[in-house]
Amino acid sequence: MKINSIRNIAIIAHVDHGKTTLVDQMLKQSGVYRDNQTVVDRVMDSNDLERERGITILAKNTAVQYGDVKINIVDTPGHADFGGEVERILKMVNGVILLVDASEGPLPQTRFVLSHALEMGHRVIVVINKIDRPDRRINEVVDELLELMIDLGATDDQLDSPMLFCSGRNGTASYSPEVAGTDMKPLFDTIVEYIPAPEGDSDAPLQMLVSSIDYNEFVGRVAIGRIEQGTLRQNDEIVVCNYHADKPSIKAKAVSIYEFEGLTRVAVPEASAGSIVALSGVSEITIGDTICSPDKVVPLHFVKISEPTMEMTFSVNDSPFAGREGKYVTSRNLRDRLYRETLRDVSLRVSETDQTDAFNVAGRGEMHLSILIETMRREGYEFQVSPPRVLYREVEGVLCEPIERLVVDVPEVSVGSVIEKIGMRKGELVEMKPSAGRMKIEFMIPSRGLFGYSSEFLTDTHGEGIMASVFDSYAPVKGDVVRRNTGSLVAYETGEAVTYGLYNAQERGALFIGPGTPVYAGMIVGVCPKAEDITVNVCRRKQLTNIRAAGSDEALRLVPPRVLSLEQCLEFLADDELLEVTPQNLRLRKRILDHGKRMRALKSSK
């Protein structure tokens, strides 16, 4: 039984190809806003971190009305580290809009999300976006996309997918790149005509798969998913079960049911098969659970989420400055927060260690884990993290490591240095082709080879390079990879950094701190160009006599310090270092703070 008045679609693409901007225009042109309403750009990116970084982190639902048809839209993340969000969201929809940049063409995440959509048999509407770019190359991008679909084993029907040409920023869509569009009507018409209506019997016993979880401090956990069959009514008795997890079924009551309309959720007394709804009232519900009628408890199969490839150790802060800035500082606070995150993020894994105050947290990549660190930091948590490390796996008796498919788009003058640096990190060249004065190069590189490479890449390409990677497969370990060829400047004593001490220390390397910064013994205050650690005393003051006055310090000129972002701190970390994270500061430090003990440990390891 088809529900012809509903269409459920997800918008999938590589990061920065314009998904959220396109949704903005769909909302505007469908009449969601009043004529005089002030609307911010990228309205779906409601999270502070999303707006700051310009990327989508969490998948979000919205809905528009086009004629007699309600179109439920899911805006998905484009960054490979948040692929878990995309994988489970595809279970909720009947078709996808694949967005591809008219200049950059298909990139690694395009391959990742498209392969999952094709595997699930979804219909695909291809949208070539940003056709107003001066460096557009529409025909080449169309050819590249068809090659990719053939490579991924698309069926004949999927290869005949309709193709539209859009400018998300201008809010136009057309059936041909030669004919300029005036509005988004061609896109809406294609969705209604080409994307199938959801199927489901409204009179059958209830089944609803939970694909997403939201949290509201007033009503608690909110389950979001599509009703596969049956009708869900307010205050109905329901049973929550799971296909994979070995846990007992839970009896509950459907307290409140919401449907999506524009940017709001509207409470409804009931919803039937094909509708995407939000349900509150079940405290223990998680992603992958099935909500059933008590008369027939049959859990639905949930898509298998790809396993994490990287791990970090989160532990209680034990530095001399511990507890000064954070609100939540104990191991119990840290454990509760990390396990709570796993309920919302299905691609995250948390495990106990042999220490009571440390936990291993595994995720998809550095960005995945750094977003978690930044979110916890803003919530008032204080803790420390280890350098990231890859998760090895034994395949047929051979130790294997995760391999990434890396695509770089660089100016031609930078090609030599980029290939050389990636070669040193055990990367293998797969393909190389010119593109309008630039070069697009594809590599297969171990995940650990990418640690710390982002900053180096931007330096080598003078800020003009674009790099993107996605997990490809496991392969035998490639050998040693040198992560860092620099050392650290380590503070010798606890105190406050002064100009005189910093002036003498800056001769040894670039500093991360300025005068007046509190430091402790073992804290890293700068980077040494040599591959060795040097201990410096940034708290050292000039000896005062009747000839040498304190005021003469003002004549000393300091080089402005390098202020590292969270990602840069994680890239910088060596194996014997940690990052102290507090709501106010990020401090790099040695694992062993005492200088004497550190030297003895270094000698014994040689």
Side-chain angles (χ1 to χ4, degrees), residues 2 4-14 17-33 35 39 41-44 62-76 78 93-106 110 113-114 117-118 122-134 136-146 148-149 154 157-198 262:
K2 290 196 172 185
N4 290 315
S5 60
I6 296 176
R7 298 291 185 275
N8 297 322
I9 61 162
I11 299 186
I12 59 175
H14 188 81
H17 279 199
K19 297 178 299 300
T20 307
T21 305
L22 188 76
V23 174
D24 277 358
Q25 291 295 340
M26 293 176 77
L27 290 168
K28 285 177 186 175
Q29 296 190 26
S30 62
V32 168
Y33 307 122
D35 291 340
V39 183
D41 289 337
R42 295 185 293 111
V43 70
M44 294 294 286
T62 186
V64 299
Q65 192 75 29
Y66 183 69
D68 298 329
V69 178
K70 180 179 183 180
I71 304 174
N72 287 307
I73 305 168
V74 189
D75 182 20
T76 64
V93 297
N94 302 103
V96 297
I97 295 175
L98 176 70
L99 234 63
V100 182
D101 189 293
S103 172
E104 294 178 7
T110 314
V113 293
L114 180 58
L118 295 177
H122 286 327
R123 287 196 175 182
V124 180
I125 297 173
V126 178
V127 171
I128 308 297
N129 195 27
K130 304 188 183 181
I131 59 168
D132 53 336
R133 281 183 66 154
R136 62 186 178 273
R137 45 185 197 93
I138 297 171
N139 294 331
E140 294 95 324
V141 168
V142 170
D143 291 342
E144 289 172 11
L145 197 54
L146 288 172
L148 176 61
M149 293 179 81
D157 287 344
Q158 288 168 332
L159 286 171
D160 288 335
S161 299
M163 191 171 290
L164 297 171
F165 302 88
C166 290
S167 168
R169 188 170 57 179
N170 298 330
T172 62
S174 63
Y175 297 106
S176 166
E178 313 300 329
V179 181
T182 55
D183 55 24
M184 302 297 288
K185 188 174 183 297
L187 179 58
F188 285 123
D189 288 339
T190 306
I191 291 170
V192 173
E193 291 167 16
Y194 186 71
I195 300 296

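Count residues from 1 along the sequence.
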Exercise. Does Arg123 CZ have over 12 foreign heavy atoms under 6.0 Å away?
Worked result: yes
Exercise. Just wondering, are more than 12 heavy atoms of other shown residues or ligands nearer than 6.0 Å to CG in Asp160?
Worked result: yes
For the [atom1] atom of [X] and the [atom2] atom of [Y], what is their distance to the nearest 0.5 Å?
{"X": "Met184", "Y": "Lys28", "atom1": "CE", "atom2": "NZ", "answer": "11.0 Å"}
{"X": "Arg169", "Y": "Asp24", "atom1": "CZ", "atom2": "CG", "answer": "13.5 Å"}
{"X": "Leu164", "Y": "Thr172", "atom1": "CG", "atom2": "OG1", "answer": "11.0 Å"}
{"X": "Ile11", "Y": "Ile125", "atom1": "CD1", "atom2": "CD1", "answer": "10.0 Å"}
{"X": "Lys70", "Y": "Asn8", "atom1": "NZ", "atom2": "CG", "answer": "9.0 Å"}

Exercise. Taking Val141 as the fixed residue, which of Asp101, Ile128, Leu146 is the one that meets the side-chain contact (heavy atoms from CB on, under 4.5 Å) rule?
Worked result: Ile128
Exercise. If you take all heavy atoms of Ile131 and Arg136, which pair is closest and at what distance?
Worked result: O-CD, 2.8 Å
Problem set entry | Considering all heavy atoms, the nearest Ala173-Cys166 contact | CB-SG, 3.5 Å
Does a side-chain heavy-atom distance below 4.5 Å link [X] with [Y]?
{"X": "Phe165", "Y": "Glu178", "value": "no"}
{"X": "Leu27", "Y": "Ile73", "value": "no"}
{"X": "Leu187", "Y": "Leu22", "value": "yes"}
{"X": "Ile195", "Y": "Ile71", "value": "no"}
{"X": "Ile9", "Y": "Val93", "value": "no"}
{"X": "Ile12", "Y": "His122", "value": "no"}
{"X": "Leu98", "Y": "Leu145", "value": "yes"}

Where the side chain of [X] meets the backbone of [Y], is there a donor-acceptor pair that is under 3.5 Å apart?
{"X": "Arg137", "Y": "Ser103", "value": "yes"}
{"X": "Ser161", "Y": "Val126", "value": "no"}
{"X": "Arg7", "Y": "Val192", "value": "yes"}

Exercise. Which residue pairs pass the side-chain hydrogen bond (donor to acceptor under 3.5 Å, both in side chains) test with at least one member in residues 186-198, sequence neighbours excluded?
Worked result: Tyr66-Asp189, Lys185-Asp189
